[in-house]
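Computed from a prediction, not measured in an experiment: that's the story for all the values here. In what follows, residues are counted from 1 in the order of the sequence shown.
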Amino acid sequence: MVTPRGLGALLLLLLASGEENPTEEPRDVCRKRIDEDQYAAFDLEGKAECFTKCGQLGSDPCDVGSLQRYWLNYEIHLVEKSLLERVNMSFVKALVQNFSTNTPDDLFFSLKPSQIPRQVMKDEHKPPDRVRLPKSLFGSLPGNRSVVRLAITVLDIGLGNIFKGPRLSLEEGGSVLNNHLVGLSVGHTPVTRLAEPLEITFSHQRQPPNMTVTCVFWDVTKGPTGDWASKGCSTEPGAERTVCRCDHLTFFALLLRPILDQATVQALTRISQAGCGVSMIFLAFTISLYIALRLSRQRFKSEDAPKIHVALSASLFLLNLAFLVNVGSSSKGSSAACWARGAIFHYFLLCVFTWMGLEAFHLYLLVIKVFNTYFGRYFLKLSLVGWGLPALIVIGTGSANSYGLYAIHDQENRTSLELCWFREGTAVRALYTTVHGYFFITFLFSAVILALVAWKIFTLSSATAGKEHGQNRKGVLTVLGLSSLVGVTWGLAVLTPLGLSTVYVFTLLNSLQGVFIFCWFTSLYFRSQSTTSSFSGTARLDQAHSVSHE
């Protein structure tokens, strides 16, 4: 016999078990295959929870392919089976409406994510997010229908794994802009190869320079679950909006992807570390050769040109060393230690820029302004500029507390790289002023001087073409050697927005600058006597003119 107290406990257990079902259902929905068309409000809400759950750590595995097919078929359901004309839920907004196939004008719709899509007039103020359907679209539909039912959907897919696909894998670190998809459907009837493409405008904030946007559509033929593709779509990027033009109907989105994603940053870091290590070895050889020449050649002690070359080599050696230490131990130690590493790295970077500018200044005196160029204590004055000016800039920057831990994040807010550098936020202005601006000034000066020197060298080559053979080839080699001294490889940074390949070229060549300096140094001071007499007028000026400065 069940006592009243036992009966109450039994009812309590039954009620408790009944209350658990709703919380279990969404988790089961994310796991199981979905074969039936269940699009009641309760079903939609349950499956919408998977947008977030199918990406959380520790969550149950989801049937991503089945869930994606469910939402792809939802538009077909709205067109062919539902009587709804508007859907207004937090995760999906839809407009379903009949249109004449003989419509005389293009159709325009507002796609504001917080509102149900609505038709707007052509002359009405253009909303930031909108779609334009050409009138030719309706006339190109198969069959002799006079009316076509069209569904326009804005779907919020959240931060999970649904509608991400291999193209937005964790290694690449991209995302769908605002996690919103725009769907266009006329039911099961496929609409492809439109004579005039439809236009979808996505509004967004001004993107960082290391980001790229691409108009894409969901292609169910890619892989077992589908993936994003861009065939048949063109992208017209803008500062605050991007226009997508596509020749078919389906689900569309705007992919936002970092040019330097996590995998790319790691690859570039390894290339830089290897290149810096090799450069340090050759820079050490350069400094050792200079010391040996000073001990073996009495005249070599008074020459200024090799001193400038070695000063540049020493600053570049120390910069490479600071970079290796910085990347290898950026997240370790106290904030004060990170501040110091950032300041040291900044100092040697500015020293390299300064000494490359002084190399260009010395070239100007040797080749362009040959006469009346005497300076007392010439190299001492250059050293005060080469080592002292960067110190003043670093002291001023450090007093503003601009150094700290700097992290590069991808669009999933994962850290791709950490190093001690300029702090994020208020220190950005100091970064652009003391690094980008300083580099631009020194590089522009060096590039102008190198161009003038090249013009002098090839003018000399053309004048002596009848007397000496191979002058043009030797002139090219001379210009290449001088370009390593004035930092032409650093100038490749301006080409990096052209694509990822230029980023790799810049990283590789720039990290090997020390190797190029070593090759130039040895060719300049370890040639045979016959080669010395014919290699370059610039090299002779380099050695003859530098004695007069002391």
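- A distance of 6.0 Å or more separates the ring centres of Tyr290 and His309.
- You'll find the ring centres of Phe353 and Phe439 inside the 6.0 Å limit.
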**Report entry** Worked check of side chain to side chain contact (heavy atoms under 4.5 Å, CB included) between Val367 and Ile457
**Finding:** CA-CA 9 Å; Val367 183; Ile457 291 175; 5.8 Å; no
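- Using a 4.5 Å heavy-atom threshold, the side chains of Thr242 and Cys215 count as touching.
- The six-membered or imidazole ring of Phe422 lies near that of Tyr403, with a centre-to-centre distance under 6.0 Å.
- In this structure, CG on Asp227 lies 12.0 Å from NZ on Lys164, to the nearest 0.5 angstrom.
- Counting all heavy atoms, side chain and backbone alike, Trp455 lies closest to Thr459 at O-OG1, 2.6 Å.
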Query - Phe163 vs Trp218, ring pair (Phe, Tyr, Trp, His ring centres under 6.0 Å): CA-CA, chis, key distance, verdict - result: CA-CA 8 Å; Phe163 286 111; Trp218 189 258; 5.2 Å; yes
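- Cys246 has its SG atom within less than 2.5 Å of the SG atom of Cys233.
- Salt-bridge formation is detected for the pair Glu196/Arg132: a Lys NZ or Arg NE/NH1/NH2 atom is positioned less than 4.0 Å from an Asp or Glu carboxylate oxygen.
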Requested in this report: Tell me, with the steps shown, if Arg270 and Leu268 meet side chain to side chain contact (heavy atoms under 4.5 Å, CB included).
Outcome: CA-CA 5 Å; Arg270 294 191 188 99; Leu268 293 175; over 6 Å; no
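- The shortest side-chain heavy-atom distance between Thr214 and Leu254 does not fall under the 4.5 Å cut-off.
- For the pair Val278 and Val515, the minimum side-chain heavy-atom distance is below 4.5 Å.
- For Phe521, the ring pair (Phe, Tyr, Trp, His ring centres under 6.0 Å) partners two or more places apart in sequence, or in a different chain, are Tyr525.
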Report task. Would you check, one step at a time, whether the test side-chain hydrogen bond (donor to acceptor under 3.5 Å, both in side chains) holds for Asp129 with Ser203? Result -> CA-CA 6 Å; Asp129 294 87; Ser203 65; 2.6 Å; yes
Query raised in the report: Would Arg241 and Glu236 count as a salt bridge (charged side-chain N to carboxylate O under 4.0 Å, His left out) if you check the C-alpha gap in whole Å, the side-chain angles of each, and the deciding distance to 0.1 Å?
Result: CA-CA 9 Å; Arg241 59 178 52 89; Glu236 183 182 320; over 6 Å; no
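- Residues Asp219 and Trp228 fail the side-chain proximity criterion, which asks for heavy atoms closer than 4.5 Å.
- Between Ile449 and Ala360, the shortest heavy-atom distance links the atoms CG2-O, 3.2 Å.
- The shortest side-chain heavy-atom distance between Val213 and Phe202 does not fall under the 4.5 Å cut-off.
- A side-chain contact (heavy atoms from CB on, under 4.5 Å) with Trp355 is found for one member of Leu350, Leu312, Val310 and no other, namely Leu312.
- Less than 6.0 angstrom separates the ring centroid of His362 from the ring centroid of Tyr378.
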**Report entry** Derivation of the side chain to side chain contact (heavy atoms under 4.5 Å, CB included) call for Leu450 and Val488
**Finding:** CA-CA 9 Å; Leu450 183 63; Val488 169; 3.5 Å; yes
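- For Ile281, the side-chain contact (heavy atoms from CB on, under 4.5 Å) criterion is met by Phe285, not counting sequence neighbours.
- Judged as a ring pair (Phe, Tyr, Trp, His ring centres under 6.0 Å), and not counting sequence neighbours, the contacts of Phe345 are Trp421.
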